[in-house]
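Every number for a ligand or one of its atoms is a count from 1 in the order of the listing.
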Amino acid sequence: MAVPAIRISSVTKQYGRLQALGGVSLEIAQGEFFGLLGPNGAGKTTLISALAGLVRADGGTLEVMGHDVVSDYRNARRSLGVVPQELVFDPFFTVRELLRIQSGYFGMRHNDDWIDEILASLDLTTKASSNMRSLSGGMKRRVLVAQALVHRPPVIVLDEPTAGVDVELRQGLWQFVRKLNTDGHTIVLTTHYLEEAETLCGRIAMLKGGKVVALDTTQNLLNRFATHSLRVRVTNRAVALELGGRAVEGNWVEFAFEAFADVEQLLARLREGHADVTEMALGEPDLERVFIEVMHRD
Ligand SMILES: Nc1ncnc2c1ncn2[C@@H]1O[C@H](COP(=O)(O)OP(=O)(O)OP(=O)(O)O)[C@@H](O)[C@H]1O
Ligand SMILES: [Mg+2]
């Protein structure tokens, strides 16, 4: 059996009195496209930082390609490329300089061929000589991706790589990441765009309050919550909520149902309660619904 790309066992991390990670265990096989999802503050970045050796876990162990991130730090770090959530750069370097310096950290001196290839894949070739401070936010994010790949790591972790990235670029980035995955790289992705996670990730872990609250293939997660939904906008929201609806954004109320016959009944009861339906939409199960269900379960 090949070693797992990532093995996380009972990892805990405390910030003062706040428990950021409360015993996280995960194993990600080589070649997987894995999604790490969770609301703000769930502990995703903390877990990724612990993997990268930027944060020391209080308890438990983390391994990358079989290398312990503490006792075998160099090899673990060498096996891992992290695209960080925060945009932090030295503004005075050009894109190419930055990538050369990063190569140097990993002892790769003549890396320009590979750097050129990455720049081309990320549509950054024309920006190679630009200073970091002159780049737009989306371009900086692409440079972060390039920086993570410079040492050709087998495992790549992307912490919200598409935040603030325009649609076209996002598509381009996904195409590129998909290709890396097809070429054999293990990909771990954190994103708040659940639609993207749904199409890209084969398996997903959901974190909440520093704990794994769901872990399964994307398909199984979708099947497990395979209810339809009906969203309505009504003149009297209180009535809709009393009937078991859930308040969702934009003043809509959402109902889950199994059979379409239930819809008729529901509409009848809304009418009886003098809540007139002004707008209505049907929804199929998607990852966003699964996510909300999981997060509200406990
Ligand atoms: N350096 C730190 N000092 C104190 N608390 C921290 C520190 N870093 C993170 N935390 C806290 O740990 C918890 C987990 O934060 P983390 O950044 O891992 O969440 P996240 O899942 O990445 O959230 P987001 O989706 O917003 O990026 C949060 O409550 C956060 O406030
Ligand atoms: Mg984060």
So the atoms of ligand 1 within less than 4.0 Å of a heavy atom of T45 turn out to be 17 (O), 18 (O), 20 (P), 22 (O), 27 (O)

Could any protein non-hydrogen atom be found less than 4.0 Å from atom 8 (N) of ligand 1?
yes

S134 versus N131, side-chain donor and acceptor atoms under 3.5 Å:
no

Heavy-atom distance under 4.5 Å between the side chains of I8 and I6, does that happen here?
yes

With respect to atom 16 (P) of ligand 1, which of L37, T46, N40 exhibits the smallest heavy-atom separation?
T46

To atom 27 (O) of ligand 1, the nearest of K13, E86, Q85, K44 on a heavy-atom basis is Q85

shortest atom 23 (O) of ligand 1-to-protein heavy-atom contact is with G41 N, 2.8 Å

Any chance CG of D72 has more than 12 other-residue heavy atoms, nucleotides or ligands included, within less than 6.0 Å?
yes

Row check, Y193 ring normal vs R170 NZ/CZ: under 6.0 Å, within 45°:
yes

Electrostatic pair D159-K44, nearest N-O below 4.0 angstrom
no

For E160, the atoms of ligand 1 under 4.0 Å from one of its heavy atoms are 25 (O), 27 (O)

Between A42 and ligand 1, is there a nitrogen or oxygen pair with a distance under 3.5 Å?
yes

Nearest non-hydrogen protein atom, atom 3 (N) of ligand 1
Y15 CD2, 3.5 Å

I'd like to know whether S129 forms a side chain to side chain contact (heavy atoms under 4.5 Å, CB included) with V95, so could you lay out the CA-CA distance, the side-chain angles of the two residues, the decisive distance to 0.1 Å, and finally the verdict.
CA-CA 6 Å; S129 309; V95 173; over 6 Å; no

Check the pair M139, L169 against side chain to side chain contact (heavy atoms under 4.5 Å, CB included), reporting the backbone distance first and the verdict last.
CA-CA 9 Å; M139 287 169 190; L169 227 106; over 6 Å; no

Do any of the N, O or S atoms of N40 sit under 2.8 Å from the Mg ion (ligand 2)?
no

Is there a donor-acceptor contact under 3.5 Å linking the side chains of Q102 and H151?
no

Within the 4.0 Å heavy-atom cut-off, what L18 brings close to ligand 1 is side chain

Is H192 near ligand 1, meaning one of its heavy atoms is under 4.0 Å from it?
yes

Please find out if the Mg ion (ligand 2) and some N, O or S atom of T46 are separated by less than 2.8 Å.
no

